[in-house]
Structure formats: structure tokens, C-alpha cells
Protein chains: 2
Amino acid sequence: MSSADDVKLKQSREDFVAQWGALGTHWGINRTMAQIHALLMTEPEAIGTDEVMERLQISRGNAHTNLKELVSWGLIRTIVKKGERREFFEAEKDVWKIFTIVARERRRREIDPALGVLHQCLDDSRGIDTPEGRAFHEQMSKLAEFVGFASNVADRVSGMKYGIALQLAARLLS
Amino acid sequence: MSSADDVKLKQSREDFVAQWGALGTHWGINRTMAQIHALLMTEPEAIGTDEVMERLQISRGNAHTNLKELVSWGLIRTIVKKGERREFFEAEKDVWKIFTIVARERRRREIDPALGVLHQCLDDSRGIDTPEGRAFHEQMSKLAEFVGFASNVADRVSGMKYGIALQLAARLLS
DNA sequence: TCATAATTTCAGTATTTACTGAAACTTCGG
DNA sequence: CCGAAGTTTCAGTAAATACTGAAATTATGA
């Protein structure tokens with residue numbers, strides 16, 4: 001008789017889903033998307049839209065939008081079961097893969113646009129021949145250089161095999 | 001006669017402030033805070049609340065709140081000028097310092113709470129003796145280990161002197 | 001090809017987050 | 001201690017973002 005364990009598991013999982021969802025907010029990810037991701041990460045089986053709706057108590061439109069968004073990120077994938085007409089979804093569970101996906105997506109959404117702004121300002125302020133103009137250009141230049149550099153580093157790291165990244169990290173912490 | 005240059009500089013700076021503000025949104029930072037930061041980063045002189053209000057066309061309350069928030073992050077500091085009663089503000093302009101400040105703040109707001117959730121779920125699911133329970137515990141364990149590890153690495157890197165970090169990064173990119 | 005199950009879209013609404021403006025409070029020189 | 005300059009707070013409002021629910025569309029297999 002394992003029903004006590006079943007209850008504990010259910011509660012713990014619900015807790016994880018709810019809290020992970022709340023955290024998503026601080027990550028620029030909407031609550032529902034983070035909750036669905038949490039739900040699927042802790043679900044051994046692929047599940048369908050209706051079960052997601054029921055488990056999270058959300059509308060079909062909401063479930064649909066966020067499932068698609070997670071698929072486009074690559075954090076979950078669709079599964080077709082033979083003899084079943086509807087789609088099922090399962091999460092990528094490998095932590096290193098999750099990390100690299102999120103890192104790339106954030107670079108694309110947060111760093112690349114910043115670089116764009118900086119390069120444009122660099123161009124616009126090139127050759128302004130006043131003390132203030134040179135100071136502005138210099139500041140833009142430093143920012144652009146640093147952000148570009150950081151972007152490349154992030155790319156390299158998230159393109160590594162897990163083992164290599166681990167080695168590198170281990171040297172840093174030693 | 002440098003008024004053409006002055007106009008170009010003014011436009012470029014306004015552009016930078018506006019666009020940097022828009023970017024702030026994607027970084028979990030509100031637009032005004034990012035705009036004030038951009039304004040001060042490109043301003044050679046320390047400026048006061050009223051000038052911030054005027055340059056960004058925002059209310060006193062808004063300017064005040066976000067200036068204080070930037071001070072609490074350490075991205076700007078207050079300056080007292082002799083013979084002046086009011087406070088002036090100037091930005092930290094060193095890119096490495098800006099990076100370490102932002103990195104630490106984001107760790108505090110994004111990673112630490114996630115670790116908290118994971119550790120709690122680890123505890124809650126310890127010893128649940130069903131296949132599903134063990135799988136859940138295992139997944140929490142992997143996530144917690146990875147996030148904790150990443151947090152330590154980020155700490156180390158953002159605690160480095162710029163020169164050392166550069167060397168490290170150079171090795172990565174070579 | 002039709003009936004129906006499943007998916008997608010979107011106008012309207014709810015929720016969350018940010019901002020205003022004015023009043024309350026604090027500080028300081030006279 | 002008083003009055004003016006400066007700072008802080010916050011109730012009300014505006015703007016941005018996320019969600020619902022139902023209708024439109026598409027895919028399936030009999």
C-alpha cells in the first residue's frame with residue numbers, strides 16, 4: 001500500500017510546478033510556459049493538451065500557445081503515438097541540453113539586440129569632433145567590445161560537450 | 001562652429017537612451033530604470049533628479065524610485081556637491097564592474113530562489129519508494145546539482161579581476 | 001466525401017506591473 | 001524655531017502582458 005507515498009509525490013510535484021512557474025516570471029518567461037515546462041520535466045510519460053489543461057487548470061488557448069512556444073525553443077518535443085490522433089508532448093530532461101537551449105535563446109533575445117543598438121550608436125557618433133562626442137563614442141565602443149566578447153564566450157561554452165564544460169568549470173572552482 | 005556635431009551627438013545619445021530602455025524590458029529591468037542608467041552612463045557630469053525628470057519626461061516619483069533602485073544595485077552613486085543642497089547621481093562606467101554587478105544581482109534574483117525550490121523538492125521527495133517517486137527525486141537532484149554548480153561558477157567568474165577573466169576568455173575563444 | 005476529432009486563432013477581458021502627481025515628511029540655513 | 005528646498009511615500013490611474021472561451025480551420029479515417 002503506497003498511497004501515502006503517492007500523495008507525497010503528488011504534492012511535491014504540484015509544489016515544484018507552482019513554484020517553478022512563479023520563478024519563470026523573474027526569467028522573462030511567462031508563468032504558464034514555465035509551469036508547463038516544469039510539469040513535463042517531472043512527467044515520465046508524454047502527455048496531451050487536455051491533460052496539461054486539466055493539471056494546470058488553464059484554457060485550451062493558453063495551453064496551446066505555450067506548448068508551441070516551448071516546442072519552438074526546443075525545450076519540449078511532440079510525440080505521435082500509433083493509433084492516436086492527437087499530439088503528445090515530452091520534455092527534454094538532460095540538464096546540459098536545457099542549459100544550452102536557454103543560454104542560446106537568451107543570447108538571441110537579450111544580447112544580440114543590445115549589440116545592434118551599440119553598433120548603431122557607434123556608427124552615428126563616429127567622427128563627432130567635440131570632447132563630449134569623443135567621450136560618448138569611447139563609452140559606446142567599450143560597451144560594444146565587451147558585450148560582443150561576452151556573447152562569443154557564451155556561445156563557445158554553450159556549444160561545448162558537457163564533459164569539456166565540466167572540466168573547465170572544475171578548474172575554475174579548484 | 002560645432003553645432004552640427006552637437007545635434008548629432010544629442011540625437012545619438014537620445015537614441016541610445018530610448019533603445020537601451022526598450023532592451024531593459026527583456027532583461028527583467030523596467031524601462032525607466034534602464035533609461036536612467038543609459039542616460040547616466042553617457043553623461044560626463046553627475047546630474048540631479050530634476051534634470052533626469054526633464055530629460056526623460058517622467059514624474060518625480062518615477063525618477064526617485066528608479067534612481068534609488070539603481071543606487072541599491074550599485075550601478076550609480078550619489079554625489080554631494082559643496083554648496084549644493086540636493087543630491088546628484090553618476091554612473092559606474094567601467095564595463096567589467098557593470099557586468100559583475102549585474103551578474104551578482106541576477107544570480108541573487110534568478111538562481112538563488114530556483115535553488116531554494118529545488119532543495120525543498122529534494123527534501124520533500126526523499127524516500128518516496130515508488131518508481132515515479134524515485135524518478136522525480138532523481139530529476140530534482142540533477143537539476144539542483146547543475147544549478148548549484150552553475151551558480152558557483154558564475155560567482156567565481158564575476159569575482160575575478162578583469163585581466164584574469166580576459167585571459168580565461170581568450171583561451172576559450174582560441 | 002462526410003462526420004468528427006483535434007488544432008489554431010483571436011477579440012474581449014483579467015491580471016500584473018509601472019507611473020503620475022500631490023501630499024507628507026525631512027533637512028538645513030537664517 | 002521658521003520657511004523654503006529637497007526627498008519620500010502612496011493612492012489612484014495608465015499601460016503592458018497574459019488568459020479565456022468560443023468560433024474558424026484543418027486533418028483523419030471510414
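In what follows, every chain begins at residue 1, and chains take the letters A, B, ... in the order their sequences are listed.
To the nearest angstrom, C1' of D:dA18 lies 21 Å from CH2 of A:W27. Atom CE in A:M53 sits roughly 14 Å away from atom P in C:dT8 (whole-Å rounding). Going from atom CD of A:E84 over to atom C1' of D:dT28 covers 13 Å, rounded to whole Å. Note: CG (B:D50) to P (D:dT7) measures 8 Å, nearest angstrom. What separates CG of A:L56 from P of D:dA18 is a distance of 16 Å, to the nearest Å. Atom P of nucleotide C:dA5 and atom NZ of A:K81 are separated by 19 Å, given to the nearest angstrom. Atom P of nucleotide D:dT17 and atom CD of A:E69 are separated by 14 Å, given to the nearest angstrom. Summarising the geometry, the separation between CG on A:L67 and C1' on C:dT8 is reported as 13 Å, rounded to the nearest angstrom.
Residue B:E87 forms a salt bridge (charged side-chain N to carboxylate O under 4.0 Å, His left out) with just one option from B:K81, B:R77, B:K68, and that option is B:K68.
Although no hydrogens or angles enter the test, the distance criterion places a donor-acceptor pair under 3.5 Å between the side chain of B:T100 and the main chain of B:K97. With hydrogens and angles disregarded, no donor-acceptor distance shorter than 3.5 Å links the side chain of A:H64 to the backbone of A:R60. When atom types are taken as modelled, the side chain of A:Q19 and the backbone of A:F16 share no donor-acceptor pair closer than 3.5 angstrom.
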Could I get a table of every N or O pair under 3.5 Å where one atom is in the protein and the other is in nucleotides 25-30 of chain C?
from, atom 1, to, atom 2, distance (Å)
C:dT27, O2, B:R85, NH2, 2.4

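Between A:H64 and C:dT7 there is no side-chain N or O to OP1 or OP2 distance below 4.0 Å.
The structure places CH2 of B:W20 at 13.0 Å from CE of B:M33, a figure rounded to the nearest 0.5 Å.
Between B:R55 and B:E14 there is no salt bridge, since no side-chain N of the basic residue sits under 4.0 Å from a carboxylate O of the acidic one. Ion pair A:R86/A:E51 not flagged as a salt bridge, since none of the NZ, NE, NH1 or NH2 atoms sits closer than 4.0 Å to an Asp/Glu carboxylate oxygen.
Pairs engaging residues 141-163 of chain B under the side chain to side chain donor-acceptor pair (under 3.5 Å) rule: B:R107-B:D155 [sequence neighbours left out].
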How does each nucleotide of nucleotides 10-22 of chain C score, in 5' to 3' order, for protein heavy atoms under 4.0 Å: base (B), sugar-phosphate only (S), or none (-)? -------SSSBB-
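Between the side chains of A:T130 and B:D5, not a single donor N or O lies within less than 3.5 Å of an accepting N or O.
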